[in-house]
Every structure is written in C-alpha cells, then in structure tokens.
Amino acid sequence: MSEFFAIDIKGLKKSYGSVQALRGVNLSVKRGEILGFLGPNGAGKTTTIRCLLDLIRPQAGTIRVLGLDPAKDPVAVRSRIGYLPGELNLESNQTVKAALQYFADLRGRKIDWQYVHQLIERLELNPELQIKNLSKGNKQKVGIVQALMSKPDLLLLDEPTSGLDPLMQQEVYRLLREAKADGTTIFFSSHIISEVEAIAERVVIIREGVIVEEAEPQQLINMALRRYRVRFREPIEPLAITELAGVTIIDQQSNNELILQVEGEVDHLIKVLSSYPVSDLQSESLSLEEVFLAHYQKEQGGEQ
Ligand code: ATP
C-alpha cells in the first residue's frame with residue numbers, strides 16, 4: 001500500500017566517489033503529514049531530496065514518491081511536487097513576474113493565478129523588481145511562491161525560511177499549514193528548532209548518511225540545551241551553581257560573569273541564582289548543530 005505514503009524510501013545508498021553520502025536510508029512520510037528532516041551539515045539531507053526528484057540516481061535502494069518510481073516516471077513525479085532548493089537558479093535580468101511565469105510554464109499543471117497573486121501579496125514581494133535587485137530574503141520568497149504556485153500534492157523544501165525575517169517566517173508557516181489543510185504533504189529540511197516546533201508533526205534526524213532518530217518535535221525541544229550568560233553585581237563564588245545537576249560552566253569571563261549550559265529544565269538554576277546578586281541574565285539559543293553535537297558526543301562518550 002505505498003499510496004498510503006507520499007514518500008517511501010528503503011535502503012537508499014548514494015556515494016560521490018569515495019564519499020558515502022547515504023548509507024542505507026529508510027524513511028517514510030504519510031500522505032498529508034508535515035515531516036521535518038534534520039541533521040548537521042553534510043548529513044545527507046539534500047542528497048536524499050535530490051534522489052526523490054531523480055536529479056541524481058542512488059546506487060542502491062528503492063524510492064516511491066506518491067506511489068511512483070522517480071527513476072521511471074520523473075516527469076509525472078515532478079509535475080506533482082513543489083520543490084524549494086537550497087539555492088534557486090534564477091535569471092538575473094528577469095522580473096519576479098517573468099520568473100514566476102517561467103516556473104508556471106515548466107509545470108505540467110494549470111496554475112491558479114489568483115492564488116499566486118495572493119502569495120505575492122502575503123509575502124510582500126514586488127513582482128516588477130528584477131531578480132538581480134532582490135535581497136537574499138526576497139529571492140527566497142520567489143522560491144517559496146514557485147514551490148507553492150501549482151498547489152502540489154507534495155512539497156519538498158530545503159530550509160524554507162532561510163534568510164527571512166521573523167514576521168515573514170511566521171507568514172510562511174501559515175502558508176504551509178494552509179497547504180497541509182488542503183491535503184498537501186510537506187517534507188522539509190531545517191536547522192532551526194523554532195521552525196520545527198512551529199510546523200513539524202514528526203521529526204526524522206539523519207547523521208552521516210543514516211537515520212539516527214525519529215521523534216515528536218516536543219522530544220527534540222526537551223533534548224535542547226540552553227545557554228545563559230549571567231552577570232553579577234560583585235565577584236561571586238559559584239560553588240552552589242557547579243553542584244547543580246545538568247548545569248555546566250562553559251566559560252568564566254571573570255568572577256563577575258559566567259556562561260552556563262543547561263540541560264533540561266531551568267527551574268533549579270533560577271532558584272539557586274536568586275540567592276546571588278544577579279545584575280543581568282541573557283539566554284542564548286543554540287543551533288540544532290550545537291544541540292546534536294552535545295547530544296551525540298554525550299551518547300558516544302557513554303558507550304565507550
Ligand atoms: P547541508 O545541511 O550542509 O546542506 P546536507 O545534509 O544537505 O548538508 P548533502 O549536501 O546531502 O548534506 O551532502 C552529504 C555528503 O555528500 C557531504 O559529505 C557532501 O560533502 C557530499 N556531497 C554532496 N554533494 C556532492 C557532490 N556533488 N560531489 C561530491 N560530494 C558531494
């Protein structure tokens with residue numbers, strides 16, 4: 001019943017010369033699901049997505065996309081997919097409007113131009129501007145519009161909100177939730193925890209070409225580390241802080257300032273800090289890479 005899955009991958013292997021990018025990936029995405037595909041740089045996310053579109057051919061494994069084999073039916077598969085690559089190739093002298101017309105012509109589907117205009121307006125994109133005059137964020141918006149414009153059955157998005165400001169990120173999340181409500185399946189790669197939290201229903205983590213974890217977004221957020229910079233009004237002796245479970249001092253700038261890394265809840269730290277003369281407390285969010293590194297270093301350390 002592969003039609004139950006929008007994506008069904010088994011035993012996928014892909015090497016570039018001596019580099020084994022995918023070492024037996026098994027992955028399925030249910031129809032109508034929003035799946036976040038996470039992993040550190042070079043883990044194999046883009047390679048997986050490119051195999052789904054038959055832009056590159058794997059050496060081993062089977063792939064079904066919307067029930068079809070992309071190597072056998074690439075045109076049929078691509079006509080049902082909206083794809084946002086990491087870097088979209090755009091003709092620099094074209095206007096946004098002309099670029100979108102070009103993408104519409106490439107699709108083998110009827111385009112609802114009223115919907116396209118809504119997308120342009122909601123993303124505050126000026127269709128008359130030339131591509132060469134667009135900022136990185138505005139180019140990203142063109143990529144998002146072209147991915148959504150044919151109301152595809154499946155969206156493959158490589159870091160969908162890269163380069164967008166926070167308000168625009170929220171608008172993109174709304175557009176993706178609406179697409180899902182219309183029945184679209186969404187498979188997106190990301191490095192941003194808040195993005196995963198905002199839209200993913202399930203998360204799959206790839207590392208060094210194999211899937212290492214499958215989780216609910218909440219589990220990932222619980223796994224996340226937090227980092228705090230604490231400044232004190234006067235020099236302190238941090239003994240009570242060093243004794244706290246899950247709290248590590250990663251830098252001590254002076255006796256007046258500490259950088260702490262906290263695993264799990266921060267309640268016990270806040271309570272201990274309340275007995276110190278704290279003049280400033282800043283929280284710094286960690287990237288997914290940092291979270292992965294800390295998580296896996298700990299796991300590997302535990303195994304030895
Ligand atoms: P990122 O988050 O940095 O985009 P990724 O998870 O998408 O990374 P891939 O781009 O799929 O990772 O790369 C997986 C591995 O394959 C990396 O080691 C990368 O250097 C290598 N690789 C990717 N494309 C090629 C290529 N065309 N030729 C040689 N090696 C490649």
Side-chain angles (χ1 to χ4, degrees), residues 7-29 34-63 65 70-71 74 77-78 81-90 136-137 139-140 143-144 146-147 154-164 169 172 176 186-200 202-215 217 220 223-225 285-297 299-300:
I7 297 174
D8 196 11
I9 298 175
K10 291 198 175 77
L12 198 64
K13 292 186 181 169
K14 171 72 189 170
S15 298
Y16 302 98
S18 61
V19 178
Q20 280 189 295
L22 303 179
R23 297 185 291 135
V25 167
N26 298 308
L27 173 68
S28 49
V29 186
I34 307 188
L35 187 90
F37 192 35
L38 310 181
N41 290 122
K45 301 181 295 294
T46 305
T47 301
T48 305
I49 291 177
R50 290 174 69 79
C51 287
L52 293 173
L53 289 154
D54 193 46
L55 297 174
I56 49 172
R57 287 266 164 92
Q59 278 95 15
T62 58
I63 305 178
V65 179
V77 167
R78 284 181 214 157
I81 291 180
Y83 172 45
L84 173 69
E87 254 178 56
L88 187 64
N89 244 334
L90 295 166
K136 185 174 181 291
K139 276 194 196 134
Q140 183 72 2
I144 290 164
Q146 67 77 34
L154 171 64
L155 278 166
L156 298 180
L157 309 171
D158 207 339
E159 307 204 12
T161 62
S162 162
L164 298 183
Q169 287 181 2
V172 171
L176 295 181
I186 303 175
F187 182 61
F188 73 99
S189 76
S190 180
H191 292 268
I192 312 168
I193 287 194
S194 58
E195 177 158 291
V196 172
E197 187 179 13
I199 53 171
R202 196 161 62 93
V203 174
V204 163
I205 299 174
I206 185 168
R207 185 167 181 262
E208 293 174 7
V210 281
I211 304 295
V212 289
E213 202 138 355
E214 194 196 306
L220 197 75
M223 185 174 114
L225 301 169
S285 55
L286 275 75
S287 68
L288 274 178
E289 267 82 353
E290 289 174 291
V291 173
F292 285 130
L293 276 178
H295 181 71
Y296 289 109
Q297 269 163 6
E299 267 195 357
Q300 278 166 4

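All ligand and atom numbering here is 1-based and tracks the order in the structure.
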Original post:
Under the salt bridge (Lys or Arg N to Asp or Glu O under 4.0 Å) rule, what pairs show up with a residue in residues 51-63, not counting sequence neighbours?
Top reply: D54-R57
Find all atoms of ligand 1 within a distance of less than 4.0 Å from any non-hydrogen atom belonging to [X], and give their numbers and elements.
X	result
A43	5 (P), 6 (O), 12 (O)
K45	1 (P), 2 (O), 5 (P), 6 (O), 7 (O), 8 (O), 11 (O), 12 (O)
A21	14 (C), 15 (C), 16 (O)
N41	1 (P), 2 (O), 3 (O), 8 (O)

Original post:
Mind checking whether G44 has a heavy atom under 4.0 Å from ligand 1?
Top reply: yes
Original post:
Is ligand 1 under 4.0 Å from a heavy atom in the side chain of T47, in the backbone, in both, or in neither?
Top reply: both
Original post:
Within the side chain of S189, is there an N or O that forms a donor-acceptor pair under 3.5 Å with the backbone of F37?
Top reply: no
Subject >> Test item: K10 side-chain N/O and S28 main-chain N/O as donor-acceptor pair under 3.5 Å >> reply: no
Original post:
Of the choices L22, T46, I49, D158, which has the non-hydrogen atom that lies closest to atom 7 (O) of ligand 1?
Top reply: T46
Original post:
Taking L156 as the fixed residue, which of I186, L84, I81 is the one that meets the side chain to side chain contact (heavy atoms under 4.5 Å, CB included) rule?
Top reply: I81
Original post:
Between L53 and R78, is any pair of side-chain heavy atoms under 4.5 Å apart?
Top reply: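 Counting from C-beta outward, L53 and R78 do come under 4.5 Å.
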Original post:
Considering residues at least two apart in sequence or located in another chain, which fulfil the side chain to side chain contact (heavy atoms under 4.5 Å, CB included) criterion with Q59?
Top reply: K14, S15
